[in-house]
Structure formats: C-alpha cells, structure tokens
Amino acid sequence: MIRAELNVAAIALVATIAVANAQAQTQTASPEPTIWDHNGSVMYLVANGRSREFYYQKPRTGMLEVGVRPGSLLFRGEIDNGQYSGTAYIFTLHCGQIPFQVNGPVLDNDQRILLTGQAPRIGRNCRVHESSTSNLEFRRLKPNEGAQSQEQFTAATAPRAEESKPEVPSAAGNEPPSAPTAQPPVTSQRASVYVAGKGKYCKETGVSGYLDCFYASLDACQKHNKSANARCVPNPNSGT
C-alpha cells in the first residue's frame, strides 16, 4: 500500500513539473513579429519581454539609396507602461551608423507608435554641428495591407554590422512630439562623447565622438563587429 501511494505521488510530481515547464516555455516564447509602416517603408517589430526592435523589411526607394537593406536596424529599446525608450539610428552613405536617443508613447490602441528625439545633423567631415527635433512614426499594418510584404519579411535576415547604417527620420509636423530623452552634447566648439546604450563596452561609429554601447563584454563587442573592423572601447559612463 505504501509503495503504491509513493508511486502515485511520484507520477503526480512528474506531471506537475511537466506542466510547469510547458507553461514556462509558453511564457518565454517570443511572439511573432508584427508589420508596420514607417514613412513608406515596411518595418517589422521584434518584441521579446520588454525589449523592442524595429527592422526594415521593405525599405522605400530613398532609404535604399543611402544603404538601407532588408534587415537593417532602425530602433532598439524597451517598453515600460506604454512608453518606448531607446536608440534610433540615422543612415548616411559616408559617415556610418549614428545613434540618438528617442522616446514616446504607444497610441490608438497599439496601432501607432510615435518616438521623438534630438537627431544630430552631420557635416561633410562627419562631425555633428547641431541637432534638431525629429519624429519617428510607426503605423501598424492590417493583415491585408501587410500580405504583399510577407514574402520579403520571411526573406529578411538579422542585420549585419556593415548594413546597419542609420536613417534621418522625417519630422511629423502635424504630430505633437513628446519630450526628448536626451540631446547630444556634441558641438563644433566643444568635443564631447555621446553614448547610446548602457552596455559596458562600445563600438566606435563613423562619427567622431559617438559610441554605440550595447555590449556586456569586450569579447562580445569584438565578435559582433569583426566583419566591420570597428574598434571596441569601454563605456565612459560605466566606469569600466
């Protein structure tokens, strides 16, 4: 009798563990990316927990001309209480990847996202000479609107370092911008370092004074940017 009761208890324990594991996998599984429009380009949004990333799926002609390709990263950040915050990128042909900080709300029942930040203006020598307020607006596409773009989405790959060149977001003049999170402290008279991200190590960008800091270790930074021959340095704000 005792042995039979132990066997029943063991079976119940195994079943409980199996159910818990199944629930954990369901909770941690990332949802399918959703399709969005941004200034005529088709984007896809990758959501993982609080993390949010916007990638180009089908760039418009103007963005193709400055080096954007399917899979190029436009925004990386997180969501908290319906507010996005993180780093967006400007795309240029000659100056490489230029980050700037943006934030903004989710609007219209999760159908629209409006991010605002101080976008740097780049001179011919790849130096920042001023900044201006810019908006990045994303409008979620309905299933029938995104159907024609689905083939491009399945073919899109994760962005490589040499493809992640940034875009200058066009200002949405009719939309009230939310308060910017940060303004680049770089001027032509005063040399400063503008840090995007909170990682311990940073990739040097093509623009003097701009660091892209999303790496927990020097090895991770060097491995990710090996093909681009970018130099990795400690984040000046982390004390490493």
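Counting begins at 1 with the first residue of the sequence.
Side chains of Tyr55 and Gln57: no donor on one and acceptor on the other come within 3.5 Å. With 3.5 Å as the limit, one finds no donor-acceptor pair spanning the side chains of Ser132 and Gln118. A donor-acceptor contact closer than 3.5 angstrom is absent between the side chains of Glu78 and Ser85.
For the pair Arg50 (side chain) and Ala47 (backbone), a donor-acceptor distance under 3.5 Å is absent. Checked by atom type and distance alone, the side chain of Asn135 never pairs as donor or acceptor with a backbone atom of Glu137 at under 3.5 Å. The backbone N or O of Arg60 sits less than 3.5 Å from a side-chain atom of Ser41, completing a donor-acceptor pair. A donor-acceptor contact shorter than 3.5 Å is absent between the side chain of Arg52 and the backbone of Tyr84. Asn235 places no side-chain N or O within donor-acceptor distance of the main-chain N or O of Cys213, the cut-off being under 3.5 Å.
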**Request:** For Leu45 and Met43, run side-chain contact (heavy atoms from CB on, under 4.5 Å): C-alpha distance rounded to whole Å, both residues' side-chain angles, the deciding distance at 0.1 Å, then the answer.
**Result:** CA-CA 7 Å; Leu45 173 64; Met43 316 292 296; over 6 Å; no
**Asked** After noting the C-alpha distance and the side-chain angles of Val102 and Tyr89, does the key distance pass the side-chain contact (heavy atoms from CB on, under 4.5 Å) rule?
**Response** CA-CA 10 Å; Val102 294; Tyr89 297 92; over 6 Å; no
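With 2.5 angstrom as the limit on SG-SG distance, Cys126 and Cys95 come in below it.
Two residues are said to be in side-chain contact when any heavy atoms from C-beta on lie closer than 4.5 Å; Tyr56 and Arg69 fail this criterion. A heavy-atom distance below 4.5 Å is found between the side chains of Val233 and Glu204. You'll find the side chain of Thr116 reaches within 4.5 Å of the side chain of Thr133, heavy atoms only. Using a 4.5 Å heavy-atom threshold, the side chains of Ile35 and Val42 count as touching. Using a 4.5 Å heavy-atom cutoff, the side chains of Val106 and Phe138 are not in contact. In this structure, the side chains of Pro234 and Cys202 stay at 4.5 Å or more apart for every pair of heavy atoms. Between Lys200 and Tyr215, the closest side-chain pair of non-hydrogen atoms is not below 4.5 Å.
For the residue pair Gln101 and Thr87, the shortest heavy atom distance occurs at NE2-OG1, 2.9 Å. Residues Leu73 and Phe54 approach most closely at CD1-O, 3.5 Å, considering heavy atoms. Shortest non-hydrogen contact noted between Ser134 and Ala119 is OG-CB, 3.7 Å. Between Gly123 and His129 the shortest heavy-atom distance is N-CD2, 3.5 Å. Taking each heavy atom of Arg140 and Thr34 in turn, the nearest pair found is NH2-CG2, 3.1 Å. The heavy-atom pair separating Tyr201 from Leu218 by the smallest distance is CD1-N, 3.4 Å.
Leu114 contributes atom CG, which lies 8.5 Å from atom CG of Leu136 (distance to the nearest 0.5 angstrom). One distance of note links CD of Glu130 with CD1 of Ile122; it measures 10.0 Å at 0.5 Å rounding. The CD atom of Gln83 sits 11.0 Å away from atom CD1 of Ile113, with the distance rounded to the nearest 0.5 Å. Of the inter-residue distances, the one linking Asp219 atom CG with Lys223 atom NZ reads 7.0 Å to the nearest 0.5 angstrom. Of the inter-residue distances, the one linking Gln222 atom CD with Cys232 atom SG reads 5.5 Å to the nearest 0.5 angstrom.
Applying the side-chain contact (heavy atoms from CB on, under 4.5 Å) rule to Asp108 yields the partners Gln111, Arg112; only residues at least two apart in sequence or on another chain are considered. Residues satisfying the side-chain contact (heavy atoms from CB on, under 4.5 Å) criterion with Thr61, sequence neighbours excluded, are Glu65.
For the side-chain contact (heavy atoms from CB on, under 4.5 Å) with Leu74, the qualifying choice from Glu53, His38, Met63 is His38, the only one to do so.
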